[in-house]
Undergrad: 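I'd like to ask some things about the structure below.
Protein chains get the first letters and strands the later ones, always in sequence-line order, with residue 1 at the start of each. Small disclaimer: the values here were computed from a predicted structure and weren't measured.
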Protein chains: 2
Amino acid sequence: MIRVAIFEDNKLMRNAYEAICNGTPGLMCCGAFADTDDVSFKIKKTQPDVVLMDIEMPGKDGVSTTPYIIKHFPEVKILIQTVFDNDDKIFAAICAGASGYILKSTTPARMVEAIEQVHDGGSPMTPYIASRVLKLFQQFAPPFKDAEENYALSVREKEILALMTGGHGLPAIAEKIFVSYETVRTHVKRIYKKLHVASASAAVVKAIREKLV
Amino acid sequence: MIRVAIFEDNKLMRNAYEAICNGTPGLMCCGAFADTDDVSFKIKKTQPDVVLMDIEMPGKDGVSTTPYIIKHFPEVKILIQTVFDNDDKIFAAICAGASGYILKSTTPARMVEAIEQVHDGGSPMTPYIASRVLKLFQQFAPPFKDAEENYALSVREKEILALMTGGHGLPAIAEKIFVSYETVRTHVKRIYKKLHVASASAAVVKAIREKLV
DNA sequence: AGTACAATACCCCAATCGGGCGATTTTTTT
DNA sequence: AAAAAAATCGCCCGATTGGGGTATTGTACT
């Protein structure tokens, strides 16, 4: 039996959600509130497994309340709900630790599904949100290189590039790898040619951005 | 009309997918292949809007093929499909630029939905995948900085640091922001002091790593 | 045996950089 | 109005860099 607490300022919606929960086997509404005042008390009192949180509410809204709940009741899963799915607030909510993000326009059946999914540790979200999250995710992970764009750096060159990325100057690198300063310079020049850059800064930026190190 | 190309080694499945696509108004299977050999040619020939890609295939599998397709046919959306949803391959696929990720066990109706969603720019995925993506996302997103770690760079300094990170040399920066070379140097020197570094490379590395730009 | 490549090393030269110093003028804050 | 911070410009010096050469060695592949 999944215990659901509802935070939703619109009375009609609130009652509807409550009805949906109580009308679904395996679900149970343990509380329905119009605001997030005293949220700590409300959670403690109702012991929900899942919190259905409206993101647009008067006073303290869902975004600011979410981190608070996560912090004090880490075992509670939070399912954010909104009428819009194009707001940057969603990122705040997701970063705050919300488990899922659905639209109010989803069908009751889907909503129930979403509640069950967050309870099982999943993260239901709209395709739009998913897509934005993926985009950002890909920014952090990306560039796959095929031979060509691997710039064909030799082991030694990669090693030196890594040291440069570590903030070392060329003389320091020479000492570190027990090679003459001029040799390091030779390698560095070749690195620049291969990376199509003309300075140490540009080289390290490329190295980091494209995860050559 | 959404054109779908199918890559799937199992003949039964392949035919089933083809049937589903062709049996759905608005969808159309423009090609069904058992392997990713000559993928470039196959894509060019069939002109798909969406590629349905099995991640587990003999020979060159979906993971390695995805980045290639993205690279050479950026307008093609790729929907990854697998029997497992707990493999780290999914991350490789997502990072490679896949638009969505679904299970083979999803119903045909859902699959069609997913195809339509990726075509519309969405990113359908299973709740489990979504949850793992969110987790990772949350790890990267909130490096909240407070004054101390902001190094108290002025706007001008940040601007110059950004330009340095862009690979520009100091003389080039001076031209770009219409101030004298010496002024840029003065700013740069102060940036170094504030960041506790002693070279352009070290500065840009720090800038990127700590997201100061 | 010959070729190709990586790694090593050195030379020269002009440009740039890093560090230290001081200075003026806005802008912002107090 | 006074003080603080930010932005601007300049000069000096020595070290480092970027770009151009050339050359030797060892290893790997043919």
Undergrad: Any base atoms under 4.0 Å from A/T183, or only sugar-phosphate, or nothing? Heavy atoms, all strands.
TA: base
Undergrad: Rounded to whole Å, please give me the gap between CE in A/M164 and P in C/dC17.
TA: 14 Å
Undergrad: Could you check how far CD of B/E182 sits from P of D/dC9, rounded to whole Å?
TA: 10 Å
Undergrad: Taking the side chain as every heavy atom from C-beta outward, state whether B/I78 and B/L52 have any atom pair closer than 4.5 Å.
TA: no
Undergrad: Below 4.5 Å, heavy atoms only, C-beta onward: do B/M164 and A/S201 meet side chain to side chain?
TA: no
Undergrad: Please classify the nucleic acid contact of A/T186 as base, sugar-phosphate, or nothing, using heavy-atom distances under 4.0 Å.
TA: base
Undergrad: Whole Å only: how far is the NE2 atom of B/H187 from the C1' atom of C/dT25?
TA: 13 Å
Undergrad: Ignoring backbone atoms, test whether B/Y181 places a side-chain nitrogen or oxygen under 4.0 Å from the OP1 or OP2 oxygen of D/dC9.
TA: no
Undergrad: In whole angstrom, give the distance that lies between atom CG of B/L170 and atom C1' of C/dA15.
TA: 12 Å
Undergrad: Of all the choices, C/dG18, C/dA7, C/dC17, which nucleotide is nearest to the side chain of A/R156 once you look at every atom?
TA: C/dA7
Undergrad: Hey, does A/K42 have a side-chain heavy atom less than 4.5 Å from the side chain of A/D35?
TA: yes
Undergrad: Is B/R185 side chain donor-acceptor paired with the C/dG19 base, going by distance under 3.5 Å alone?
TA: yes
Undergrad: Around atom NZ of B/K176, are there more than 12 heavy atoms of other residues, nucleotides or ligands at under 6.0 Å?
TA: no
Undergrad: Examine D/dG10: is either OP1 or OP2 under 4.0 Å from a nitrogen or oxygen in the side chain of B/S180? Give yes or no.
TA: yes
Undergrad: Output the single nucleotide from D/dG19, D/dA7, C/dT8 whose closest atom is nearest the side chain of A/Y192.
TA: D/dG19
Undergrad: Please tell me which of B/R190 and A/V188 maps to the more 5' nucleotide of DNA chain D, matching each residue to the nucleotide holding its nearest heavy atom.
TA: B/R190
Undergrad: For A/K194 and C/dC5, what is the distance between atoms NZ and P respectively, to the nearest whole Å?
TA: 10 Å
Undergrad: What is the distance from CG of B/L153 to C1' of D/dA6, rounded to the nearest Å?
TA: 13 Å
Undergrad: Given C/dA7, D/dG19, C/dT16, which nucleotide is nearest the side-chain atoms of B/P171?
TA: C/dT16
Undergrad: Side-chain donor-acceptor pair under 3.5 Å between A/T186 and A/T183, yes or no?
TA: no
Undergrad: Any donor-acceptor pair under 3.5 Å joining the side chain of B/K189 to the base of C/dG18?
TA: no
